[in-house]
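Working notes, beginning with the structure itself.
Quick note: numbers below take in every heavy atom, side chains included, and nothing from hydrogens, waters or symmetry partners. We're numbering straight along the sequence, starting at 1. Bear in mind the structure is a predicted one, so any value in this text is a computation, not a measurement.
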Amino acid sequence: MKKHNKRNSMDSVSLPDADKIKKLSDPKFRGSEVNAKAEEIFESYHTKRIGNFDDASKFYEPSEGKMDDDDEEDPEDDFIPKPDPNKKAPSHMRKGIKMGSGYVERRRVFIWIGIALVVLAAALTFLPPVMSSRAEDTKVLFERNIFEDMGMTEFKTYALANYSVYSEESFNSEKKENYRVIELSAHLQNSSPFEVKIPQYKVARIKDKYKDKLCYVTSTHTDKDGAVDGDIIPGFSGVDVKLEIMVNVTDMTDEQLDDCITGLIISTVDMQKKVAGNKYITCLPAFLFVSNNVSVSLAP
């Protein structure tokens, strides 16, 4: 037999030829020197080489398993890819904020807050103060003589220039007893931080049957020259104001006069808010629904 090189691997090991083994085992060959020598060789080969081959199979199988383990520990598995410079990181705005039992995107929450702030700013800037009539302070000025300093024609001209005249046809009598001047008290509450300026008031609604009876409505606040300059309400405060209403009471009863006044809706005219320095912006008008508790009559 050839000597096996120590460097030979398991691939060089081969099993004995089965046909030759059968011939060597044949009884007719037993006893001869050749056969005895063959048996000796065979037995030696079988116990040493075959046995070693079996052991090799036994001991090298785990090493093959180890090779599998080595395959599992592929160096490529330890490779850490470099971050893609073109890939955008997750936005913090998309992270959830817990609200109640669920989560809402942070971006949506900020949008809602932004909308709420815009609505609040618009409300503070454009919404008007709240007006309410004060029945206990409303009264008829029975002693008021509108013709004390001027005649009807002159007074009508003055009223058209300074007051909110509702019906020119109502100025159709020269007698002072045919007119009543009502001083209506109202409270204005300004809930914004801006100063409110109200130059004048007007009648926004009146019952149809009294449209030819109402002469005018006006603010009673005047400047040093006697001209009407309206009312001013500071921010976050309330102010009581006086409005003057004149009615032609010809052929009217107490009930009709009372019904005429309590059915009025009065609004502000050209109301503005002072937002910065001397800068004013126009805001929505305020409305006054005259209370049914107001009581007026033709005589004291």
Side-chain angles (χ1 to χ4, degrees), residues 131-188 198-231 239-270 285-300:
M131 295 181 67
S132 58
S133 57
R134 297 172 61 87
E136 65 276 11
D137 296 327
T138 298
K139 58 186 177 182
V140 180
L141 303 178
F142 295 105
E143 303 301 324
R144 176 74 175 273
N145 182 4
I146 61 172
F147 304 122
E148 184 176 359
D149 299 321
M150 60 190 80
M152 172 51 70
T153 303
E154 188 179 0
F155 179 77
K156 182 178 178 180
T157 302
Y158 178 82
L160 288 170
N162 294 276
Y163 304 153
S164 294
V165 173
Y166 185 80
S167 172
E168 293 186 41
E169 290 74 17
S170 60
F171 295 89
N172 59 8
S173 175
E174 298 284 344
K175 298 179 180 180
K176 69 173 184 178
E177 59 266 22
N178 287 335
Y179 299 93
R180 291 294 183 274
V181 177
I182 296 101
E183 187 179 81
L184 178 68
S185 179
H187 181 78
L188 282 84
I198 307 172
Q200 190 54 278
Y201 303 87
K202 70 177 182 178
V203 173
R205 180 186 177 276
I206 186 175
K207 293 182 179 179
D208 290 342
K209 56 186 175 181
Y210 305 122
K211 285 185 175 181
D212 61 346
K213 295 294 185 179
L214 186 68
C215 299
Y216 65 80
V217 60
T218 181
S219 168
T220 61
H221 196 278
T222 58
D223 60 19
K224 61 182 181 179
D225 298 324
V228 176
D229 61 355
D231 300 301
V239 173
D240 291 332
V241 300
K242 302 291 183 181
L243 307 183
E244 186 176 290
I245 303 169
M246 191 173 85
V247 181
N248 185 332
V249 295
T250 304
D251 300 326
M252 289 183 73
T253 65
D254 282 349
E255 290 76 14
Q256 288 174 329
L257 178 60
D258 189 80
D259 185 46
C260 174
I261 298 301
T262 55
L264 292 176
I265 298 177
I266 299 172
S267 72
T268 60
V269 177
D270 298 330
F287 291 90
L288 170 64
F289 295 80
V290 180
S291 171
N292 289 328
N293 295 325
V294 170
S295 179
V296 293
S297 62
L298 296 171

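- Annotation: side chain of Ile146 is in contact with side chain of Met246 (closest heavy-atom distance under 4.5 Å).
- Tyr216 pairs with exactly one of Tyr166, Tyr158, Tyr163 by the ring-ring contact (aromatic ring centres under 6.0 Å, His included) rule, that one being Tyr163.
- Counting non-hydrogen atoms of neighbouring residues, nucleotides and ligands closer than 6.0 angstrom, the NZ atom of Lys139 reaches no more than 12 such neighbours.
- Taking the side chain as every heavy atom from C-beta outward, Val241 and His221 never approach each other to under 4.5 Å.
- Arg180 places a side-chain N or O within 3.5 Å of a backbone atom of Leu298 that can act as its donor or acceptor partner.
- One N or O on the side chain of Gln200 and one on the backbone of Ser219 form a donor-acceptor pair closer than 3.5 Å.
- Across every non-hydrogen atom of Ser167 and Asp212, the tightest pair is OG-CA, 4.0 Å.
- No side-chain donor-acceptor contact under 3.5 Å links Asp259 to the backbone of Glu255.
- Residues Leu264 and Ile245 form a side-chain contact, since some pair of their non-hydrogen atoms from C-beta on lies under 4.5 Å apart.
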Does the side-chain contact (heavy atoms from CB on, under 4.5 Å) test come out yes or no for Leu141 and Ile182, once each step is laid out?
CA-CA 6 Å; Leu141 303 178; Ile182 296 101; over 6 Å; no

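- With contacts defined as side-chain heavy-atom distances shorter than 4.5 Å, the pair Glu244/Tyr201 does not qualify.
- Across all non-hydrogen atoms, the minimal contact from Met150 to Glu154 is CB-OE1, 3.3 Å.
- For Lys156, the NZ atom counts as densely surrounded, since its 6.0 Å shell holds more than 12 non-hydrogen atoms of other residues, nucleotides or ligands.
- In this structure, CD1 in Ile198 is found 6.0 Å from CG in Asp231, a value given to the nearest 0.5 Å.
- Atom CG of residue Asp258 and atom CG of residue Asp254 lie 8.5 Å apart, to the nearest 0.5 angstrom.
- Atom-to-atom distance recorded for Thr222:OG1 and Asp225:CG is 9.5 Å, nearest 0.5 angstrom.
- Under the side-chain contact (heavy atoms from CB on, under 4.5 Å) test applied with Leu243, the options Leu288, Thr218, Val290 reduce to a single match, Leu288.
- Counted within 6.0 Å of CG on Asn172, heavy atoms from surrounding residues, nucleotides or ligands total more than 12; the atom is thus considered enclosed.
- Tested against Val296 for a side-chain contact (heavy atoms from CB on, under 4.5 Å), the candidates Thr262, Val249, Ile261 yield a single pass: Ile261.
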Taking it one step at a time, do Phe155 and Cys215 satisfy side-chain contact (heavy atoms from CB on, under 4.5 Å)?
CA-CA 12 Å; Phe155 179 77; Cys215 299; over 6 Å; no

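- Annotation: side chain of Val247 is in contact with side chain of Leu257 (closest heavy-atom distance under 4.5 Å).
- In terms of heavy atoms, Cys260 sits closest to Met252 at CB-CE, 4.3 Å.
- Here the straight-line distance linking atom CZ of Phe147 with atom OH of Tyr179 works out to 5.0 Å at 0.5 Å rounding.
- For the pair Val165 and Ala159, the tightest heavy-atom approach, listed with the atom from each and the gap, is CG2-O, 3.5 Å.
- Of the possible donor and acceptor atoms, one in the side chain of Thr138 sits under 3.5 Å from a partner among the backbone N and O of Ser185.
- Lys202 places none of its side-chain heavy atoms less than 4.5 Å from the side chain of Ile266.
- Side-chain contact between Leu184 and Asp137 is absent, with no heavy-atom pair separated by less than 4.5 Å.
- Between the side chain of Ser133 and the backbone N or O of Ser291, at least one donor-acceptor pair lies under 3.5 Å.
- For Asn248 and Ser170, the side-chain atoms include no donor-acceptor pair closer than 3.5 Å.
- Atom CD of Glu136 has more than 12 neighbouring heavy atoms from other residues, nucleotides or ligands inside a 6.0 Å radius.
- Thr250 OG1 to Asn178 CG: the interatomic distance, rounded to the nearest 0.5 Å, is 3.5 Å.
- We find the CD-NZ distance between Glu183 and Lys242 to be 5.0 Å, quoted to the nearest 0.5 Å.
- The pair Glu169-Lys211 does not meet the salt-bridge criterion, since no charged nitrogen lies less than 4.0 angstrom from a carboxylate oxygen.
- Considering every non-hydrogen atom in both Ala204 and Phe287, the closest pair reads CB-CE2, 4.1 Å.
- Remark: Asp251 CG is loosely packed, at most 12 non-hydrogen atoms of other residues, nucleotides or ligands lying under 6.0 Å away.
- Counting heavy atoms from C-beta outward, Phe289 and Met131 have side chains that stay 4.5 Å or more apart.
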